[in-house]
Colleague: 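My questions all concern the structure below.
Counting starts at 1 for both ligands and their atoms, following the listed order. Side chains are part of it too, since the values below use all heavy atoms of this structure and drop only hydrogens, waters and symmetry mates.
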Amino acid sequence: MKRNLLKSLFIVAVITGIFACTSTPQKEEQKPNIIYIMSDDHGYQAISAYGFGINQTPNIDRIAEGGAIFTRSCVTNSLCAPSRAVLLTGKHSFKNGKVDNVQAFNWDQPNFPKILQANGYQTAMIGKIHLDGIPQGFDFSMVLPGQGNYYNPDFLIEGKKVQKKGYVTEIITETALDWLKNKRDQNKPFCLLYHQKAPHREWMPAEKYYKQYTKMEFEEPATLFDDFEGRGTAAKEAEMNILKHQNWAGDSKLYPEVMDELGIEETSNWGVNAFNNNTGRMDEVQKAAWDAVYQPINEEFKKIYPSIKSDKKELMHWRYERYMQDYLACIASVDEGVGKLLDYLDEAGLADNTIVVYTSDQGFYLGEHGWFDKRFMYKESFRTPLLIRYPKEIKPGTKINKLVQNLDFAPTFLDYAGLETPTEMQGESFRDLVGGKTEQFRDFAYYTYYEYPSIHMVKRHYGVATDRYKLIHFYYDIDEWELYDLEEDPMEMKNVYDDPAYADVREMMHEKLDTAREYYEDSDANDQKYLKAYLDVQAQ
Ligand code: SGN
Ligand code: CA
């Protein structure tokens with residue numbers, strides 16, 4: 001009886017077209033679209049949704065308001081090119097081979113855009129990727145060569161160099177919008193990697209924002225004058241101090257002739273060249289607009305310099321303000337671009353079925369410990385912003401404090417697309433976590449860093465973090481262990497590795513580290529292999 005009823009219902013369904021096999025399969029499956037937004041060196045401290053109050057990023061915040069914000073998202077290797085390789089491959093640096101900014105990247109290995117593309121997605125990558133070679137896995141790519149430039153930048157379109165007039169952040173946004181509106185196949189789901197160069201050094205903002213931000217003042221972090229008491233050699237020897245290691249011309253935008261007049265020597269041999277290259281790319285109109293704002297800043301500095309030149313604190317105050325003004329002004333353009341993309345999704349009726357991710361290739365120091373740059377497994381560079389919106393699955397206002405990593409993006413996107421993750425990928429999908437279906441997630445994050453000796457002199461290290469503790473081993477020309485208790489010491493000012501009160505924690509964290517290295521198949525042999533590869537490149 002029951003069976004007959006089902007049978008007749010089935011027949012009715014077929015007749016009325018409920019199982020309409022003739023409609024387009026893609027539409028029926030409604031695979032979600034993906035917009036993955038990544039900026040370069042954007043510390044979470046400089047996103048207003050994180051609550052630091054330094055600046056306002058209303059558009060990036062919209063993603064968190066309509067979806068989720070992650071408070072402990074972190075990277076596996078806090079450097080540009082390695083981070084991007086991890087994003088694409090879902091494998092740790094020592095597995096995908098791109099351990100530092102100098103090794104070659106092997107595009108032939110599987111990556112998630114290739115898998116999406118093979119399964120009916122339209123894929124595009126626009127902006128900075130910082131990986132040599134022709135990108136694989138994209139129907140369309142327009143990327144900056146290497147680091148790229150802020151003004152009138154060159155791009156590689158399908159491998160061919162083309163110079164575009166204008167400001168890099170805006171060009172990348174306009175190109176992304178044009179691809180979304182006019183270039184993609186509207187019948188297919190899409191995956192767009194929209195990658196800004198900003199706010200990477202040397203922080204060259206767009207006119208409307210440098211006009212605004214150079215008038216602003218910013219509160220200094222409590223650790224701006226850190227003396228590194230209580231920590232090891234690595235932090236003491238790093239060359240990331242705003243006063244000592246930023247370039248006066250390239251970074252602080254002091255004109256070379258003003259430096260000559262004041263008798264200021266550049267902190268590195270490329271600082272003046274960087275300034276000349278960056279401003280030298282501008283056309284007359286752009287340069288005149290720049291001078292109208294930066295010349296008066298230089299004039300003002302000429303006046304105050306004689307009275308502050310031997311006062312390191314005063315000099316640091318001045319340089320910190322200069323740094324924040326330009327860095328945050330660059331972010332204002334990034335935020336504006338995010339707003340334009342979100343507006344487009346609303347207008348086109350795509351917001352509901354599109355996953356939007358905002359993140360950075362790593363975090364960044366905004367004066368904490370006196371630093372800029374990244375590289376360390378310490379908090380500000382290990383953590384990275386992560387906000388995600390997908391109205392179909394993620395409740396607005398969701399907050400996630402699990403240790404998701406950039407390693408997890410590839411499996412997560414494949415999961416959303418209903419596809420299998422290849423076994424060689426090492427990350428874990430966080431779809432169910434952010435969708436509120438589970439609270440379970442990996443309870444540790446594993447980290448490796450290799451680029452040393454190099455600019456900023458951050459020593460080679462690896463380590464493991466849990467939600468509360470962090471164990472780090474610095475090796476190669478030192479052999480030092482550090483242990484931090486983030487609950488007691490959120491600013492990581494005290495290494496408690498040798499503190500007897502932490503003996504049990506130390507043992508527990510060593511076990512975690514051994515487990516992590518075994519689980520991901522990392523080893524001292526890997527460390528030595530990549531050290532040799534690095535030194536070989538340096539010797540060439
Ligand atoms: C450049 C920067 C460094 C930065 C590296 C790597 N110096 O060398 O400060 O650490 O890039 O950055 S600069 O004066 O040339 O800007 S990364 O984001 O590409 O890894
Ligand atoms: Ca970067």
Colleague: Any idea which N/O/S atom from D41 gets closest to the Ca ion (ligand 2)?
Modeller: OD1
Colleague: Taking H92 for the side chain and V86 for the main chain, is one N or O donor matched with an acceptor at less than 3.5 Å?
Modeller: no
Colleague: Is the backbone of I54 close enough, under 3.5 Å, to the side chain of E219 for a donor and an acceptor to pair up by distance?
Modeller: no
Colleague: Please name the residue in the list Y327, Y44, F52 that meets the side-chain contact (heavy atoms from CB on, under 4.5 Å) test with L366.
Modeller: Y327
Colleague: Could you identify the single nearest non-hydrogen protein atom to atom 4 (C) of ligand 1 and state the distance to 0.1 Å?
Modeller: D373 OD1, 3.4 Å
Colleague: Aromatic ring centroids of Y294 and Y210 under 6.0 Å?
Modeller: yes
Colleague: What about C80: any of its N or O atoms under 3.5 Å from an N or O on ligand 1?
Modeller: yes
Colleague: Taking N, O or S atoms only and a limit of 3.0 Å, check whether Q362 reaches the Ca ion (ligand 2).
Modeller: yes
Colleague: Does atom CG of D260 have more than 12 heavy-atom neighbours, drawn from other residues, nucleotides or ligands, at distances under 6.0 Å?
Modeller: yes
Colleague: Please check this pair: side chain of N406 against backbone of T76, looking for a donor-acceptor N/O pair closer than 3.5 Å.
Modeller: yes
Colleague: Q362 heavy atoms, cut-off 4.0 Å: which ligand 1 atoms fall inside?
Modeller: 18 (O)
Colleague: Which of the atoms in ligand 1, numbered in the order shown and given with their element, are less than 4.0 Å from a heavy-atom of K374?
Modeller: 4 (C), 6 (C), 10 (O), 12 (O), 17 (S), 18 (O), 20 (O)
Colleague: Note the single closest protein heavy atom to atom 8 (O) of ligand 1, along with its residue, its atom name and the distance in Å.
Modeller: I455 CD1, 3.8 Å
Colleague: Atoms of ligand 1 less than 4.0 Å from D40 heavy atoms?
Modeller: 18 (O)
Colleague: Tell me the protein heavy atom at minimum distance from atom 1 (C) of ligand 1, and give that distance in Å.
Modeller: Q147 NE2, 3.9 Å
Colleague: Using a 3.5 Å distance criterion without hydrogens, assess whether the side chain of W107 forms a donor-acceptor pair with backbone atoms of D132.
Modeller: yes
Colleague: Among T448, V99, D100, which residue satisfies the side-chain contact (heavy atoms from CB on, under 4.5 Å) criterion with Y530?
Modeller: V99
Colleague: Would you mind listing which atoms of ligand 1 come within a distance below 4.0 Å of any non-hydrogen atom of H130?
Modeller: 19 (O)
Colleague: Checking a contact table here: which protein heavy atom is nearest atom 7 (N) of ligand 1, and how many Å away?
Modeller: R201 NH1, 3.2 Å
Colleague: Taking atom NZ of K244 as the centre, does the number of heavy atoms from other residues, nucleotides or ligands within less than 6.0 Å exceed 12?
Modeller: no
Colleague: Give a yes or no on whether the backbone of F218 and the side-chain of E321 come within a donor-acceptor separation of less than 3.5 Å.
Modeller: yes
Colleague: Could you tell me which N, O or S atom of D361 is nearest to the Ca ion (ligand 2)?
Modeller: OD2
Colleague: Can you list the atoms of ligand 1 that are under 4.0 Å from a heavy atom of R375?
Modeller: 4 (C), 5 (C), 6 (C), 10 (O)
Colleague: What is the name of the N/O/S atom of D40 that is nearest to the Ca ion (ligand 2)?
Modeller: OD1
Colleague: Would you mind checking which non-hydrogen protein atom is closest to atom 15 (O) of ligand 1, with the distance to 0.1 Å?
Modeller: E202 OE2, 3.9 Å
Colleague: With backbone taken as N, CA, C and O and side chain as the heavy atoms from C-beta onward, which portion of D251 lies under 4.0 Å from ligand 1: side chain, backbone, both, or neither?
Modeller: neither
Colleague: Does even one non-hydrogen atom of F372 get within less than 4.0 Å of ligand 1?
Modeller: no
Colleague: Cation over ring, K253 on F275, under 6.0 Å and within 45°?
Modeller: no
Colleague: Please report which non-hydrogen protein atom sits nearest to atom 9 (O) of ligand 1, along with the residue it belongs to and the distance in Å to one decimal place.
Modeller: H456 NE2, 2.6 Å
